[in-house]
2 protein chains.
Amino acid sequence: MREILDIQKQLLPDLLDIMKKRYSILHHILVSGVVGRRTLASSLDMTERVLRGEVDFLKELGLLESDAAGMRITESGRQLLEDMLPIIKIAFGLTDLEESIAKAYGLSQVIVVPGDSDTSDFTKKELGRAGAAALRKYVAKDDIIAVTGGSTMAQIANNLAISSSMKGSWFVPARGGLGESVDMQANTIASIMAKKTGGKYRLLHVPDHLGEEAYQSLIQDPQIQEVVDAVRSCRIVVHGIGDAMVMARRRKVDAETTRSLQADGALAEAFGYYFDPQGNVVHKMPTVGLRLEDLQRIEVVIGVAGGKSKGEAIASVLRHGQENVLVTDEAAALEIMKHV
Amino acid sequence: MREILDIQKQLLPDLLDIMKKRYSILHHILVSGVVGRRTLASSLDMTERVLRGEVDFLKELGLLESDAAGMRITESGRQLLEDMLPIIKIAFGLTDLEESIAKAYGLSQVIVVPGDSDTSDFTKKELGRAGAAALRKYVAKDDIIAVTGGSTMAQIANNLAISSSMKGSWFVPARGGLGESVDMQANTIASIMAKKTGGKYRLLHVPDHLGEEAYQSLIQDPQIQEVVDAVRSCRIVVHGIGDAMVMARRRKVDAETTRSLQADGALAEAFGYYFDPQGNVVHKMPTVGLRLEDLQRIEVVIGVAGGKSKGEAIASVLRHGQENVLVTDEAAALEIMKHV
DNA sequence: AGACCTGGGACACAAAACGTCCATCAATAG
DNA sequence: CTATTGATGGACGTTTTGTGTCCCAGGTCT
């Protein structure tokens, strides 16, 4: 049942919008009894003309009837509304979730895919697909796109395809080495994405666990500097969001830092920064690349993460307030809504 | 699964057409490997421009990719096609059935609703809804519409609603008394339809089992004659189709006639005429109204009947060759296709 | 009885779809 | 190595569709 809607959404992206529109017209008429066109239009926030088009259409289908007193729902229409209820619940639960989250955190777009990435590989793939679609939507000609590492980002890379709009784009890692395993780190993801889309890429080879002195001389290096400049002038960032402790463990952060993270209440991690539940940055990984202050200037910040267990972490990063677009799954979205 | 498609079809009648179009484009590309726009257009029987529109759209969604060599399906696209298979089977089994029947019997439109009216009341209602929709589609201003009796016709009447296009229409019974019970007979149906749509009606009060002499004087009656003239000049006929023996029993036809019907191989019944499997008329009920020769002149003949048990009967009436539109259900449609 | 609201017709204007042609590029056959 | 074929993508004028805005005649409710 849910799959069929999801498949249709792939083939007709605005199917649900149309269904929702027509459903709410019918529903409104049902609860109003008899109602006039203009009244209905203002109450549904539509122009009179476009409502009229829909009404004529629904009348054609025999779901609606009208006489001089106004419009009324027919028996077929009432029956249809009843039959639609379960579909509406499923279909618009998600869009409602999307809208609620977007409103609560001031995002320009939220995409929620059905399922739970924690328990379903299919959902994880869906998340990647949706993330790739979001990136494709926002990218413009010759953009610089900064990306992070992680399994979700790898899924996005998987779902990118050659595309003329990304041909001139540059993919760069948002920040230098963060201690991830090689196939999940930002450098790898950036190069895969570039290969998949036909774009170009530059990498940031910053070894982990560098001494302060070596580090300072490294970031003076003109080649490194060039990439860092590119990163900071990017127009789009796509990044994953992780649970702070999980990330710390995966990156083999030393015991002292871990304790300090716990003491500071670190909950979430994104591009090497650790956030507490209120969205404050409590720690950052020692490497080069994107800084927090760069985010304000960056036009499109796309966060992609899912799974019930990550919901709270996502919420805390959203609370930090630099995101524009969120791609997540249903389970995480429900968790996010618990923390508004 | 099937219900959801059916509900959507009510709210977006051309949903399936669009899905079919996009599916066949993707499918064609999948089997072709790489293929050019013009080649594909001619092979799918589309103009190049409209195909291009679809292709651009599918490319936008990442289901398709193209380079100078031609168009190729992406992994997401291939996956989608795979996921779609069950939906396609269900959705286009019916449209394929519709097209096959229309072609086999030279009908201008066939509508197949899912299910079996014999076993499901829901399907019976659907049949009524579809029949009403078909009538609504073909009716024009101030038409004369001749209707017959029967439970299916009663369902159609149930699903008609007030409509400006039928306000000036006349509903008349196709033929006089045919021995049906009062709530199923053509007179009743015609008056219900008129009341439901806001149209007008004339009735044919011809008592059953009339002596020859009384009969002759009755049909000379100016008032009766007037209605009969109206019936014969109608532009639309909507009629049910029944099993010959079932109808004979229901109408309490005398034993001798029943034997004669059996001897002549009567299989089907429609508006008082009995048909053998080859579509020949082998008997007619003694009453006034529509004659077979009138059918040729009538612009729209709509037959509505469903249920697996009626499939063969429907096929024999279709074979008679005067139908334009058939509304039936899946079970009957499958039976009909066995008798081409 | 009168104010109000209804659906439906009309029309100009904007936007999308479409048919058609062409430039440019890649692959392949000769 | 070159010519040819068939590919995509851009461009542009035309047609169709969708939309905003009025208005009117006729019911309806107060």
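What you see is a predicted model, and the numbers here were worked out from it, not measured in a lab. Chain A is the first sequence line, chain B the second, and so forth, proteins listed ahead of strands; every chain is numbered from 1.
An OP1 or OP2 oxygen of D/dT19 is reached within less than 4.0 angstrom by no side-chain nitrogen or oxygen of A/Thr47. A/Lys59 has no side-chain polar atom (N or O) that falls below the 4.0 Å cut-off from OP1 or OP2 of C/dG7.
For A/Arg37 against C/dG8, a side-chain N or O and a base N or O form a donor-acceptor pair under 3.5 Å. Taking only distance into account, the side chain of A/Arg52 never meets the base of D/dG20 through a donor-acceptor pair shorter than 3.5 Å.
The CG-C1' distance, from B/Leu40 to D/dG6, rounds to 14 Å in whole Å. In this structure, A/Asp56 places its CG atom 14 Å from C1' of C/dT6, rounding to the nearest Å. Residue B/Glu54 contributes atom CD, which lies 17 Å from atom C1' of D/dG9 at whole-angstrom precision. Here the P atom of nucleotide D/dC23 and the CD atom of A/Glu48 are 13 Å apart, to the nearest Å. In this structure, the CZ atom of A/Arg72 is 13 Å from the C1' atom of C/dG7, given to the nearest Å. Summarising the geometry, the separation between CG on B/Leu51 and P on C/dT20 is reported as 15 Å, rounded to the nearest angstrom. As rounded to whole Å, 14 Å separates atom P of D/dC12 from atom CZ of B/Arg49. As a whole-Å value, the separation of A/Lys21 NZ from D/dG18 P is 11 Å.
B/Met19 places a side-chain heavy atom less than 4.5 Å from the side chain of B/Ile87. The side-chain heavy atoms of A/Val227 and A/Leu203, taken from C-beta on, include no pair separated by under 4.5 Å.
When heavy atoms are screened at a 4.0 angstrom cut-off, B/Val35 is found touching the sugar-phosphate backbone but no base atom. Residue contacts for B/Gly70: at a heavy-atom cut-off of 4.0 Å it reaches the sugar-phosphate backbone alone, with no base atom in range.
Taking for each of B/Thr39 and A/Val50 the nucleotide of DNA chain D with the nearest heavy atom, the 5'-most of the two is the partner of B/Thr39.
Between atom CD of residue B/Glu54 and atom CZ of residue B/Arg49 there is a gap of 11.0 Å, rounded to the nearest 0.5 Å.
Between A/Arg78 and A/Glu82 a salt bridge is recorded (basic side-chain N to carboxylate O distance below 4.0 Å).
Proximity of a side-chain donor or acceptor of A/Ser169 to a complementary backbone N or O of A/Ile144 within less than 3.5 Å is not detected.
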Which atoms of nucleotides 28-30 of chain D (N or O only) lie under 3.5 Å from a protein N or O atom, and what are those distances?
none

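A/Arg22 forms a cation-pi arrangement with A/Phe57, by the criterion of a distance under 6.0 Å to the ring centre and an angle within 45° of the ring axis.
In terms of heavy atoms, A/Ala157 sits closest to A/Ile192 at CB-CG2, 3.8 Å.
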